[in-house]
Amino acid sequence: MADLHSLPAGSRPAEAIRNNGPDNLVIERAKLRELAEGWPCYRDACEWENFESIFHPNAHVYTTWSGRVAYADFIAASKAGMDKGAFIMHRCHGCTTDISPAGNLAVTKLKATITQRFVIDGVEFDVEADCRFCFFFEKIGGRWGARLVRHWYEKDKILPANPSRVPKVDEEKAKQYPPGYRYLAYFQELTMGVKVLMDMPGHRRHVGTENLEKHDFLYWQAKSWLDGKGLDVQVPPTA
């Protein structure tokens, strides 16, 4: 029987502090939660100056439709996509933060739902993808900022705005997309003129897929960051 409940052995950053801890680090974790929740709150409302405040210079963002890009390029692409009709919003559900004992490095995981509205052949519907954001934060000169933002894409579904009218799906084509964001990828490619990345981190249930490998890789990357080994946004760290 496949083990669907365990994370990679040794991937937990043992020295990091979470849940309780010194009062001063509780305050730091509160700051990090505000920053993480700022992604859905600021981006969805087009509060771009506030959105920019989440990041340090030279930070990167990694999403299904953008790939790995500088955060400023992600903002520009988001604005352009909105003007072309892309309607992507988010709901955030809660977050946790692992922070280094020195209080200068942190990884915040934010549970969220990506919800994108589509209108195809007169049928209006949402695709909702349950995911977890993964923010790699660093405190420099008394200011926290993200160095990298990635996601685990866990499962998605189609929700018609009118239950009596549902979108048509080419089921054979849909099967080609990853299980964690199958319908999101399907309709993003169909409507946005983008090539969606197929190897984004998924869920532990996605056995036999590259998405499971990237799921584990992101945990190793988080451990490497919190252990003070730095962050390479392209090359997987060694265990």
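What's counted below: heavy atoms across the whole structure, side chains too, no hydrogens, waters or symmetry copies. The first residue in the sequence is number 1, and the count goes up from there.
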Does one hydrophobic cluster hold both [X] and [Y], with members joined at side-chain heavy-atom distances below 4.5 Å?
{"X": "Leu218", "Y": "Leu7", "answer": "yes"}
{"X": "Met82", "Y": "Ile75", "answer": "yes"}
{"X": "Met89", "Y": "Ile114", "answer": "no"}
{"X": "Val123", "Y": "Phe118", "answer": "yes"}
{"X": "Val169", "Y": "Val196", "answer": "yes"}

What is the minimum heavy-atom distance between [X] and [Y], and which atoms define it?
{"X": "Thr191", "Y": "Phe187", "answer": "OG1-O, 2.8 Å"}
{"X": "Leu184", "Y": "Val127", "answer": "N-CG1, 3.4 Å"}
{"X": "Val194", "Y": "Glu189", "answer": "O-CG, 3.4 Å"}
{"X": "Asp156", "Y": "Pro179", "answer": "OD1-O, 4.1 Å"}
{"X": "Leu25", "Y": "Ser100", "answer": "CD1-O, 4.1 Å"}
{"X": "Ile158", "Y": "Phe125", "answer": "CG2-CD1, 3.9 Å"}

Whether Phe136 and Trp225 hold their rings parallel, tilted or perpendicular, with breakpoints at 30° and 60°: perpendicular
Plane angle bin for Tyr186 and Tyr177 - parallel if under 30°, tilted between 30 and 60°, otherwise perpendicular: perpendicular
Pairs touching residues 34-46 that satisfy salt bridge (Lys or Arg N to Asp or Glu O under 4.0 Å), sequence neighbours left out: Arg33-Glu37
Just by distance, with hydrogens left out, do [X] and [Y] show a side-chain donor and acceptor under 3.5 Å apart?
{"X": "His56", "Y": "Arg143", "value": "yes"}
{"X": "His93", "Y": "Thr113", "value": "yes"}
{"X": "Gln188", "Y": "Tyr181", "value": "no"}
{"X": "Ser6", "Y": "Asp3", "value": "yes"}

Inter-residue atom distance [X].[atom1] - [Y].[atom2], 0.5 Å rounding:
{"X": "Lys223", "Y": "Ser11", "atom1": "NZ", "atom2": "OG", "value": "8.0 Å"}
{"X": "Asp98", "Y": "Ile17", "atom1": "CG", "atom2": "CD1", "value": "10.0 Å"}
{"X": "Leu110", "Y": "Leu32", "atom1": "CG", "atom2": "CG", "value": "12.0 Å"}
{"X": "Phe74", "Y": "Lys79", "atom1": "CZ", "atom2": "NZ", "value": "12.0 Å"}
{"X": "Arg68", "Y": "Thr63", "atom1": "CZ", "atom2": "OG1", "value": "12.5 Å"}
{"X": "Met198", "Y": "Thr209", "atom1": "CE", "atom2": "OG1", "value": "11.0 Å"}

For [X], does the [atom1] atom have more than 12 heavy-atom neighbours from other residues, nucleotides or ligands under 6.0 Å away?
{"X": "Asp121", "atom1": "CG", "answer": "no"}
{"X": "Asp23", "atom1": "CG", "answer": "no"}
{"X": "Arg204", "atom1": "CZ", "answer": "yes"}
{"X": "Asp170", "atom1": "CG", "answer": "yes"}
{"X": "Glu15", "atom1": "CD", "answer": "no"}

Stepwise side-chain contact (heavy atoms from CB on, under 4.5 Å) test for Ile99 and Arg29: CA-CA 8 Å; Ile99 189 168; Arg29 297 204 308 270; 4.3 Å; yes
Looking at [X] and [Y], would you say the former's side chain and the latter's main chain have a donor-acceptor pair under 3.5 Å?
{"X": "Ser224", "Y": "Gln221", "answer": "no"}
{"X": "Asp199", "Y": "Glu210", "answer": "no"}
{"X": "Arg147", "Y": "Pro57", "answer": "yes"}
{"X": "His90", "Y": "Ile88", "answer": "no"}

Lys/Arg-Asp/Glu bridge criterion (N-O < 4.0 Å) met for Arg91, Glu128: yes
Worked verdict on Val149 versus Trp39 for side-chain contact (heavy atoms from CB on, under 4.5 Å): CA-CA 10 Å; Val149 184; Trp39 177 298; 3.8 Å; yes
[X] and [Y]: aromatic ring centres closer than 6.0 Å?
{"X": "Phe51", "Y": "Tyr42", "answer": "no"}
{"X": "Tyr219", "Y": "Phe217", "answer": "no"}
{"X": "Tyr153", "Y": "Trp65", "answer": "no"}
{"X": "Trp144", "Y": "Phe55", "answer": "no"}

Determine whether [X] and [Y] make a side-chain contact, defined as any pair of heavy atoms from C-beta on separated by less than 4.5 Å.
{"X": "Lys155", "Y": "His203", "result": "no"}
{"X": "Cys131", "Y": "Trp152", "result": "no"}
{"X": "Arg117", "Y": "Glu124", "result": "yes"}
{"X": "Leu148", "Y": "Arg150", "result": "yes"}

side-chain contact (heavy atoms from CB on, under 4.5 Å) between Tyr62 and Val69, intermediate numbers included: CA-CA 6 Å; Tyr62 217 135; Val69 295; over 6 Å; no
side-chain contact (heavy atoms from CB on, under 4.5 Å) assessment of Phe135 paired with Val107: CA-CA 5 Å; Phe135 294 84; Val107 171; over 6 Å; no
Test salt bridge (Lys or Arg N to Asp or Glu O under 4.0 Å) applied to Glu28 and Lys139, step by step: CA-CA 10 Å; Glu28 299 301 325; Lys139 190 175 186 180; 3.2 Å; yes
